[in-house]
Amino acid sequence: RCVETAQMRSDVLGTHVSIRLGDAFEDNFLRTNDTKKVFCNPPFNLRLLDLGPAAQQFVKSSDFVSFGFAPTTKAEWVFAALECASMGENGRAVAVMPVGALFMASSCRAVRKNFVKKGLVEAVVLLPERMFPFSGISTAMVVFSRGNESIRFVDASSLYERGRQSNYFETEHCDVIYDAFLGDSEFSKSVACKDLLNGDCDLSPKKYLVEESVVENATPLGIVIASVKRGATITSKQMDALLSERPTRFRYLSLSNITN
């Protein structure tokens, strides 16, 4: 169905487009030495083990065996590796990813660090909410190229027109985003790769573009917490039974209270 739709669009536009249907991870399906531009919008929230044998074999190839892929690694980074293998020496690739893949630890952290260490990440552009009618997941576009010593973070989350089923960009929004991509602005900031590698290699633009508020006489949460364990659902009725009308030394934190 996708192939037929793409072919009809190509015919209407009067352009020649070569359309192929198959497993993108099969040997040499997409990979050439002169590809200048690659764009990938893969399915969200899959893992490497969900992608099939060709993808499993791909990450074991000589080019990517050192990246630290694991069966539970987010598939978005596997597709990113395919893009990097598909673009030419001076090419550029763009991948759409859920924001969670940019900062979640576990098996993605080592992979992110290797992408950054090898200079493959050029920029990360945070997209507005509801850009896709089929999903409300927060997303970003990650730009890949070679030889990058810093990464440009762009927060485009506030630049959009609200639609009935999804939000969209106007031309002026694209112009602002492109200018922010080219240099530091109120929407963008460049961060050296070596600084990112010193931490968890968090690639979420919000981390670097939101000014931290100064709180006087504050106590870091880590000092007053003995341990953090997996929580349990507490119903409103149970919470009402725990509430006190008098001030106590205890406070209840929900997930919505915790941003980092």
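What's counted below: heavy atoms across the whole structure, side chains too, no hydrogens, waters or symmetry copies.
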Q) At what distance, to the nearest 0.5 angstrom, does SG of Cys40 lie from CE of Met97? A) 8.5 Å
Q) So which pairs with a foot in residues 59-95 pass ring pair (Phe, Tyr, Trp, His ring centres under 6.0 Å), sequence neighbours left out? A) Phe25-Phe79, Phe58-Phe64, Phe64-Phe67, Phe67-Phe115, Trp77-Phe115
Q.
A side-chain contact here means heavy atoms from C-beta on lying under 4.5 Å apart; do Arg109 and Met104 qualify?
A. no
Q: Would you give the length of the straight line joining atom OG of Ser138 to atom NZ of Lys206, rounded to the nearest 0.5 angstrom?
A: 9.5 Å
Q | Straight-line distance of Leu102 CG to Ser204 OG, nearest 0.5 Å | A | 6.5 Å
Q: Please name all residues satisfying side chain to side chain contact (heavy atoms under 4.5 Å, CB included) with Val3, sequence neighbours left out, ordered by chain then number.
A: Ile19, Leu21
(Q) Using side-chain contact (heavy atoms from CB on, under 4.5 Å), reason through Lys118 and Ser66 one step at a time and then give a plain yes or no. (A) CA-CA 11 Å; Lys118 295 176 186 296; Ser66 63; 3.7 Å; yes
Q.
Minimum heavy-atom separation for Cys201 and Leu197, please, with both atom names.
A. SG-CD2, 4.2 Å
**Q.** CD-SG distance between Glu76 and Cys108, expressed to the nearest 0.5 angstrom
**A.** 8.0 Å
Q. Does the side chain of Ser158 come under 3.5 Å of the side chain of Asp155 through a donor N or O and an acceptor N or O?
A. no
Q: Look at the side chain of Ser188 and the backbone N and O of Gly183, then say whether any donor-acceptor pair between them is shorter than 3.5 Å.
A: yes
Q.
Can you tell me if Glu172 has over 12 outside heavy atoms packed within less than 6.0 Å of its CD?
A. yes
(Q) To the closest 0.5 Å, what do you measure between OG1 (Thr248) and CG (Leu243)? (A) 9.5 Å
Q: Please examine the side chains of Glu129 and Asn167, heavy atoms only from C-beta on, and report whether any two atoms are closer than 4.5 Å.
A: yes
(Q) Taking the side chain as everything from C-beta on, heavy atoms only, tell me whether Val124 gets closer than 4.5 Å to Val154. (A) no
Q) What are the two closest non-hydrogen atoms of Asn114 and Gly68, and how far apart are they? A) ND2-N, 4.2 Å
**Q.** Residue list, ring pair (Phe, Tyr, Trp, His ring centres under 6.0 Å) with Phe132, at least two apart or on another chain
**A.** Phe44, Phe134
Q | Heavy-atom check, side chain of Met87 versus side chain of Arg146, under 4.5 Å | A | yes
(Q) A side-chain contact here means heavy atoms from C-beta on lying under 4.5 Å apart; do Leu120 and Asn148 qualify? (A) no
Q) So, Ser10 side chain and Ala6 main chain: donor-acceptor pair closer than 3.5 Å or not? A) no
Q.
Taking the side chain as everything from C-beta on, heavy atoms only, tell me whether Val142 gets closer than 4.5 Å to Val94.
A. no
Q) Can Leu209 be reached from Tyr160 by stepping across I, L, V, M, F, W or Y side chains whose heavy atoms are under 4.5 Å apart? A) no
Q. Between Val96 and Pro42, what is the shortest heavy-atom contact and its length?
A. O-CD, 3.6 Å
Q.
Please evaluate residues Val59 and Leu48 with respect to the criterion side-chain contact (heavy atoms from CB on, under 4.5 Å), reporting the C-alpha separation (whole Å), side-chain torsions for both, the decisive distance (0.1 Å), and the verdict.
A. CA-CA 9 Å; Val59 297; Leu48 172 57; 3.9 Å; yes
(Q) Checking the side chain of Gln238 only, and the main-chain atoms of Thr235 only, is there a donor and an acceptor separated by less than 3.5 Å? (A) yes
Q. In terms of heavy-atom contacts, does CG of Asn90 have more than 12 from other residues, nucleotides or ligands at under 6.0 Å?
A. no
(Q) Within the structure provided, determine whether Ile151 and Leu203 are in side-chain contact (heavy-atom separation under 4.5 Å). (A) yes
Q: Check whether more than 12 heavy atoms from other residues, nucleotides or ligands sit under 6.0 Å from atom OH of Tyr178, and answer yes or no.
A: no
Q. Between Asp50 and Arg47, is the closest basic N to carboxylate O distance under 4.0 Å?
A. yes
(Q) Quick check against the 3.5 Å criterion: does Arg162 have a side-chain atom that pairs as donor or acceptor with the backbone of Tyr168? (A) no
Q: Examine Leu182 and Val176 and state if one hydrophobic cluster contains both, with Ile, Leu, Val, Met, Phe, Trp and Tyr joined whenever side-chain heavy atoms are less than 4.5 Å apart.
A: yes
Q) Is the backbone N or O of Asp202 less than 3.5 Å from a side-chain atom of Asp200, with the two atoms forming a donor-acceptor pair by type? A) no
Q | Cluster overlap Met141 with Ile137, hydrophobic side-chain contacts below 4.5 Å | A | yes
Q) How far apart are the closest heavy atoms of Val65 and Lys60, and which atoms are they? A) CB-O, 3.8 Å
(Q) On a heavy-atom basis, which atom in Ser185 and which in Ala180 lie closest, and how many Å separate them? (A) OG-CB, 3.6 Å
(Q) I'd like to know if the side chain of Ser86 pairs up with that of Glu83 as donor and acceptor (distance under 3.5 Å, no hydrogens or angles considered). (A) no
Q: Among residues two or more places apart or on two chains, list those pairs meeting ring pair (Phe, Tyr, Trp, His ring centres under 6.0 Å) that have a residue in residues 187-210.
A: Phe153-Tyr208
Q) Does a side-chain heavy-atom distance below 4.5 Å link Arg92 with Lys37? A) no
Q: Please identify each residue that fulfils side chain to side chain contact (heavy atoms under 4.5 Å, CB included) with Asp184, with sequence neighbours left out.
A: Arg152, Ser190
Q | Heavy atoms of other groups near Lys113 NZ, more than 12 under 6.0 Å | A | yes
Q: Compare every heavy atom of Pro98 with every heavy atom of Asn45, then report the nearest pair and how far apart it is.
A: OD1-CG, 4.2 Å
Q) Are the side chain of Glu170 and the backbone of Glu161 linked by a donor-acceptor contact shorter than 3.5 Å? A) no
Q: Could you tell me which residues satisfy salt bridge (Lys or Arg N to Asp or Glu O under 4.0 Å) with Asp63, sequence neighbours excluded, listed by chain and number?
A: none
